[in-house]
Amino acid sequence: MTSLIERWIEPAVQLAQRAEPWAQSLALLAARLYLLDVFFRSGLTKLQDWESTLFLFAEEYHVPVLPPELAAWLGTGGELVFPVLLAVGLLSRPAALGVFFLNAVAAYSYPDISLAGMKDHVLWGVLSLALVLFGPGRLALDAWLMPRWLPALRKH
């Protein structure tokens, strides 16, 4: 009886094992594109009305240590650069770490954040941290370039 069940299950297990790296890569790509959508749009919104952005950083957001204008420039620049790097999968782990810190500073700096807003920030933080820990997957420029730049990463 066991051998009959094993014969039926074995092909499904083998298929799942072959598909796993690609399924994981698709999930990581989806996370990268989602973070691109959220953060890049935010950066574009800030650029559309720079005076309002400067006002918000001076009056609403309370970024620790940095002067408001510098915080506005760094935050907007990070929102425009890091997500694009993530989307194409170039320097993905440092870019994901940048998004993680942008997100953390944004959540910390805005004192009147709603519960729903905080849940969004938690989601973005988890996605960016997953990309830091697991990398961008096979569907990224890093997967092709890094082994060429760093020969130690080549698989034998």
Side-chain angles (χ1 to χ4, degrees), residues 1-50 53 56-57 61 63 71-110 112-156:
M1 183 77 152
T2 306
S3 64
L4 177 63
I5 293 173
E6 286 176 353
R7 276 189 273 152
W8 286 29
I9 292 176
E10 181 80 20
V13 169
Q14 289 177 358
L15 179 63
Q17 288 173 340
R18 280 188 296 235
E20 183 180 1
W22 289 104
Q24 181 185 43
S25 292
L26 285 172
L28 293 167
L29 175 62
R32 292 177 9 232
L33 294 176
Y34 178 71
L35 291 171
L36 168 74
D37 182 58
V38 170
F39 285 88
F40 192 76
R41 279 189 205 216
S42 178
L44 289 178
T45 300
K46 287 178 178 69
L47 282 181
Q48 286 176 347
D49 189 350
W50 189 247
T53 298
L56 285 172
F57 273 86
Y61 309 145
V63 177
W73 278 104
L74 291 175
T76 303
E79 287 180 331
L80 295 172
V81 172
F82 294 142
V84 171
L85 290 173
L86 271 181
V88 298
L90 184 61
L91 301 172
S92 301
R93 288 182 180 197
L97 191 60
V99 168
F100 179 83
F101 281 112
L102 275 173
N103 180 55
V105 169
Y108 176 80
S109 300
Y110 189 62
D112 297 327
I113 194 166
S114 68
L115 183 58
M118 186 54 79
K119 285 182 180 181
D120 284 340
H121 282 280
V122 169
L123 172 63
W124 304 330
V126 168
L127 290 175
S128 59
L129 192 56
L131 290 165
V132 170
L133 295 174
F134 301 116
R138 294 177 177 199
L139 302 174
L141 286 177
D142 286 346
W144 183 75
L145 291 174
M146 284 303 176
R148 285 159 180 75
W149 288 347
L150 303 170
L153 295 179
R154 287 192 185 123
K155 293 188 178 182
H156 301 286

May I have all residue pairs that pass salt bridge (Lys or Arg N to Asp or Glu O under 4.0 Å) and include part of residues 123-137, sequence neighbours excluded? none
Show every donor-acceptor pair shorter than 3.5 Å between a side-chain atom in residues 113-127 and any protein atom, with sequence neighbours excluded, or say none if there are none.
residue	atom	partner	partner atom	Å
Ser114	OG	Gly117	N	3.0
His121	ND1	Asn103	OD1	2.6
Trp124	NE1	Tyr34	OH	3.4

Check the pair Tyr108, Val63 against side chain to side chain contact (heavy atoms under 4.5 Å, CB included), reporting the backbone distance first and the verdict last. CA-CA 8 Å; Tyr108 176 80; Val63 177; over 6 Å; no
Taken in chain and number order and not counting sequence neighbours, the residues that satisfy side-chain hydrogen bond (donor to acceptor under 3.5 Å, both in side chains) with Ser128 are none
Test of understanding: with ring pair (Phe, Tyr, Trp, His ring centres under 6.0 Å), list the residues that count as partners of Phe57, not counting sequence neighbours. Tyr61
Side-chain atoms of residues 71-89: list all donor-acceptor pairs with protein atoms under 3.5 Å, sequence neighbours left out, distances to 0.1 Å.
residue	atom	partner	partner atom	Å
Thr76	OG1	Ala72	O	2.8
Glu79	OE1	Ser42	OG	3.2
Glu79	OE1	Gly43	N	3.3
Glu79	OE1	Lys46	NZ	3.0
Glu79	OE2	Ser42	OG	3.0
Glu79	OE2	Lys46	NZ	3.3

I need the full list of salt bridge (Lys or Arg N to Asp or Glu O under 4.0 Å) pairs touching residues 121-133, with sequence neighbours left out, sorted by first then second residue. none
Please report the interatomic distance CZ(Arg138) to CG(Leu26), rounded to the nearest 0.5 Å. 11.0 Å
Using the salt bridge (Lys or Arg N to Asp or Glu O under 4.0 Å) rule, collect all pairs that involve residues 85-109, keeping only residues at least two apart or in two chains. none
Distance col, row Leu97:CG vs Leu131:CG, nearest 0.5 angstrom, shows 11.0 Å
With sequence neighbours left out, what residues match Asp37 under salt bridge (charged side-chain N to carboxylate O under 4.0 Å, His left out)? Arg41
Can you pull out every salt bridge (Lys or Arg N to Asp or Glu O under 4.0 Å) where at least one residue sits in residues 95-108? Sequence neighbours excluded, please. none
To the nearest 0.5 Å, what is the distance between CG (Leu44) and CZ (Phe39)? 13.5 Å
Contact summary for Leu90 and Asp142, nearest pair of heavy atoms: CA-OD1, 3.3 Å
